[in-house]
Enquirer: 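I am attaching a structure below and will ask some questions about it afterwards.
Just so you know, these numbers use all the heavy atoms, side chains as well, and skip hydrogens, waters and symmetry mates.
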Amino acid sequence: MNQSTPAPAWARACFRGINYMIEDVGGGPRPLALGDTINSHKFITFFVILGMMVYTGNFSTPAWIYLCLHGVYGWCWLVKDFSARDAQFNKPVTIGAACSLYGLYGIWIWGLPWLFLTRQVAPSNTLLAACITMHTLGVVIMVAADLQKTFTLRLKKGLISDGLFAYTRNPNFLGEIMIYASYVLLADHPYAYAFAFFQWVFLFTPRMLVKDASLSRHPGWADYKARSGLLLPLRWRR
């Protein structure tokens, strides 16, 4: 077993901070699972966006498209979770952490459809087509990667270096970035770009670097890292 290489200090600090906010904040009893808290948000997002449409009176074709993208994505997540939940989502969390997850992240996400619907700036057909394409591919990549990871680890522990993971070490994060990028582009507002910056820099990147540090203890890590990208499949199998 190789000795692991630690992640950068800033990545470890972000990782610990985010985990505290979504798992431990406030202390006390832990009556909820992290996955159940996330799932409740995924489930109601469709109805929240539909309510926004009713409130704003925006029933344009782009509004319906946005609802079907963002709202139904949450239900796709539920199908994936019910099929094969990642063990990390079984972690018990405090009530304060559940509130924090909604208040600091969940409601921030709902700001994207609110901006899209209230501004009522019709996106071009080209932008709509690009976002639908990116979103669809993102959902497929995220679901395929998560299911491959879950079922592979049930059979054997260690590095997963085939399938989607042969090209990028984080295909699930790549899929999620593509999904949320489509919402950000449709919202097209500084608030949306600030959300993307926070999500990608302070949430996803630290988790990818901490994961790399954890995987570096496994045999074959150096070769796997050399032939795969951290996020983008920029290196190819030899």
Enquirer: So Asp162 and Gln148, side-chain contact (heavy atoms from CB on, under 4.5 Å) or not? Walk me through it.
Expert: CA-CA 9 Å; Asp162 59 354; Gln148 180 189 352; 3.2 Å; yes

Enquirer: Can you see which heavy atom on His135 is nearest to which on Tyr183, and at what distance?
Expert: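 Heavy-atom minimum between the residues: NE2-OH, 2.7 Å.
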
Enquirer: Are the side chains of His70 and Ile109 in contact, using a 4.5 Å heavy-atom criterion?
Expert: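 In short, these two side chains touch, coming nearer than 4.5 Å.
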
Enquirer: List the steps, then state whether side-chain contact (heavy atoms from CB on, under 4.5 Å) holds for Lys225 with Ser216.
Expert: CA-CA 9 Å; Lys225 182 179 180 181; Ser216 67; over 6 Å; no

Enquirer: Please list, chain by chain and in numerical order, all residues satisfying ring-ring contact (aromatic ring centres under 6.0 Å, His included) with His189, sequence neighbours excluded.
Expert: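 Partners of His189 under the ring-ring contact (aromatic ring centres under 6.0 Å, His included) test: none.
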
Enquirer: Any side-chain heavy atom of Tyr167 within less than 4.5 Å of one from Leu232?
Expert: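 No; the side chains remain at least 4.5 Å from each other.
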
Enquirer: What distance do Phe165 atom CZ and Asn172 atom CG have between them, rounded to the nearest 0.5 Å?
Expert: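 Rounded to the nearest 0.5 Å, the CZ-CG separation comes to 5.0 Å.
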
Enquirer: Below 6.0 angstrom between ring centroids: does that apply to Phe198 and Phe195?
Expert: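 That pair fails the under 6.0 Å test.
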
Enquirer: For Ile179, is there any backbone N or O sitting under 3.5 Å from a side-chain donor or acceptor partner on Ser182?
Expert: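 Answer holds: yes.
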
Enquirer: Can you list the residues that meet the side-chain contact (heavy atoms from CB on, under 4.5 Å) rule with Ile107, with sequence neighbours excluded?
Expert: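 Ile107 satisfies side-chain contact (heavy atoms from CB on, under 4.5 Å) with Trp110 only.
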
Enquirer: At what distance, to the nearest 0.5 angstrom, does CZ of Arg169 lie from CG of Leu231?
Expert: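 Separation between the atoms: 10.0 Å.
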
Enquirer: Please check if any side-chain donor atom of Tyr73 sits under 3.5 Å from a side-chain acceptor atom of Thr45, or the reverse.
Expert: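 No, no side-chain donor-acceptor pair sits under 3.5 Å.
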
Enquirer: Do you know which two heavy atoms are closest between Pro206 and Cys14, and how far apart they sit?
Expert: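 Minimum heavy-atom contact is CG-CB, 3.6 Å.
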
Enquirer: Between Ser100 and Gly96, is there a donor-acceptor pair closer than 3.5 Å when you use the side chain of the first and the backbone of the second?
Expert: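 Not a single qualifying donor-acceptor pair exists.
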
Enquirer: Are Leu69 and Val79 co-members of a hydrophobic cluster defined by side-chain heavy atoms under 4.5 Å apart?
Expert: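 No; tracing contacts between hydrophobic side chains, which count when under 4.5 Å, never links both residues.
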
Enquirer: Honestly curious: do Met134 and Val140 fall in one hydrophobic cluster under the side-chain, below-4.5 Å linking rule?
Expert: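 Unlinked, Met134 and Val140 end up in two clusters.
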
Enquirer: Would a hydrophobic clustering, with Ile, Leu, Val, Met, Phe, Trp and Tyr connected at side-chain separations under 4.5 Å, put Leu112 with Phe47?
Expert: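 Both belong to a single hydrophobic cluster.
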
Enquirer: Restricting to ring-ring contact (aromatic ring centres under 6.0 Å, His included), what partner residues turn up for Tyr224, sequence neighbours left out?
Expert: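 Result, ring-ring contact (aromatic ring centres under 6.0 Å, His included) vs Tyr224: none returned.
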
Enquirer: Show your working on side-chain contact (heavy atoms from CB on, under 4.5 Å) between Trp77 and Ile38 and close with a plain yes or no.
Expert: CA-CA 10 Å; Trp77 173 282; Ile38 294 173; 4.0 Å; yes

Enquirer: What heavy-atom pair brings Pro233 and Thr168 nearest, and what distance separates the two atoms?
Expert: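 Scanning both residues, the minimum pair turns out to be N-CB, 4.3 Å.
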
Enquirer: Quick check on ring pair (Phe, Tyr, Trp, His ring centres under 6.0 Å): which of Tyr66, Tyr191, Trp64 does Phe116 satisfy it with?
Expert: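 Considering Tyr66, Tyr191, Trp64, a ring pair (Phe, Tyr, Trp, His ring centres under 6.0 Å) with Phe116 is found only for Tyr66.
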
Enquirer: Any chance you could lay out the side-chain contact (heavy atoms from CB on, under 4.5 Å) test for Asn39 and Arg85, step after step, and finish with the verdict?
Expert: CA-CA 11 Å; Asn39 285 355; Arg85 171 175 286 191; 3.2 Å; yes

Enquirer: Same cluster or not: Phe15 versus Met208, using hydrophobic residues (I, L, V, M, F, W, Y) connected whenever any side-chain heavy atoms lie under 4.5 Å apart?
Expert: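 Unlinked, Phe15 and Met208 end up in two clusters.
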
Enquirer: Rounded to the nearest 0.5 Å, how far does CH2 of Trp200 lie from CD1 of Ile177?
Expert: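 Answer for the CD1-CH2 pair, Ile177 versus Trp200, is 6.5 Å.
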
Enquirer: Check whether any side-chain N or O of Thr56 sits under 3.5 Å from a backbone N or O of Thr118 as a donor-acceptor pair, and report yes or no.
Expert: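 No, because the side chain of Thr56 does not come within donor-acceptor range (under 3.5 Å) of the backbone of Thr118.
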
Enquirer: Should Val121 and Ile132 be counted in the same cluster of Ile, Leu, Val, Met, Phe, Trp and Tyr side chains packed under 4.5 Å apart?
Expert: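 No.
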
Enquirer: Is any side-chain heavy atom of Leu159 less than 4.5 Å from a side-chain heavy atom of Leu215?
Expert: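 SC-SC contact between Leu159 and Leu215 confirmed.
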
Enquirer: Any side chain to side chain donor-acceptor pair (under 3.5 Å) pairs touching residues 7-20, not counting sequence neighbours?
Expert: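 Qualifying pairs: Asn19-Arg207.
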
Enquirer: What distance do Met21 atom CE and Leu203 atom CG have between them, rounded to the nearest 0.5 Å?
Expert: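 Going from CE on Met21 over to CG on Leu203, the span is 12.5 Å.
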
Enquirer: Closer than 3.5 angstrom, by distance alone: can the side chain of His41 be matched with the main-chain N or O of Gly106 as a donor-acceptor pair?
Expert: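 Yes: the side chain of His41 pairs with the backbone of Gly106.
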
Enquirer: Are Ile95 and Pro31 packed together at the side-chain level, in the sense that at least one heavy-atom pair is separated by less than 4.5 angstrom?
Expert: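 Side-chain contact under 4.5 Å: yes.
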
Enquirer: So, for Phe151 and Ala84, which heavy atoms are closest and what is the spacing to 0.1 Å?
Expert: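 Looking at all heavy atoms of both residues, the closest pair is CZ-CB, 3.6 Å.
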
Enquirer: Measure the NZ-CG distance between Lys80 and Asp146 for me, rounded to the nearest 0.5 Å.
Expert: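 Taking NZ in Lys80 and CG in Asp146, the distance rounds to 4.0 Å.
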
Enquirer: Considering all heavy atoms of both residues, which atom of Arg30 and which atom of Glu23 are nearest to each other, and what is their separation?
Expert: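 Shortest heavy-atom contact: NH1-O, 3.0 Å.
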
Enquirer: Search all heavy atoms of Pro62 against all heavy atoms of Pro123 and return the closest pair with its distance.
Expert: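 Heavy atoms only, the tightest pair is CB-CD, 3.8 Å.
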
Enquirer: Give me the ring orientation class for Phe202 and Phe197: parallel if the planes are under 30° apart, tilted from 30 to 60°, perpendicular past 60°.
Expert: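 Aromatic pair Phe202/Phe197 classed perpendicular.
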
Enquirer: Can you tell me if Arg119 uses its side chain to pair, donor with acceptor, with the backbone of Ala187 under 3.5 Å?
Expert: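 Indeed, once roles are kept as given, a pair shorter than 3.5 Å links the two residues.
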
Enquirer: Got a donor-acceptor contact below 3.5 angstrom from the Thr37 side chain to the Ala98 backbone?
Expert: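 Side chain of Thr37 to backbone of Ala98, a donor-acceptor pair under 3.5 Å: no, none is there.
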
Enquirer: Among residues two or more places apart or on two chains, list those pairs meeting salt bridge (charged side-chain N to carboxylate O under 4.0 Å, His left out) that have a residue in residues 149-160.
Expert: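 Found Asp86-Lys149.
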
Enquirer: Roughly how far, to the nearest 0.5 Å, is CG of Leu164 from CG of Leu174?
Expert: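 Here the rounded value is 9.0 Å.
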
Enquirer: Taking only residues two or more places apart in sequence, or in another chain, which ones meet Phe173 in a ring-ring contact (aromatic ring centres under 6.0 Å, His included)?
Expert: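 For Phe173 the ring-ring contact (aromatic ring centres under 6.0 Å, His included) partners, ignoring immediate neighbours, are Phe204.
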
Enquirer: Any side-chain heavy atom of Cys76 sitting closer than 4.5 Å to one from Val72?
Expert: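 SC-SC contact between Cys76 and Val72 confirmed.
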
Enquirer: Check the side chains of Ser60 and Asn58 for a donor-acceptor pair under 3.5 angstrom, ignoring hydrogens and angles.
Expert: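 Yes, a side-chain donor-acceptor pair sits under 3.5 Å.
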
Enquirer: Compare all side-chain heavy atoms of Leu230 with those of Leu209 and state whether any distance is below 4.5 angstrom.
Expert: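 The answer is yes, as the side chains (C-beta and beyond) meet within the 4.5 Å cut-off.
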
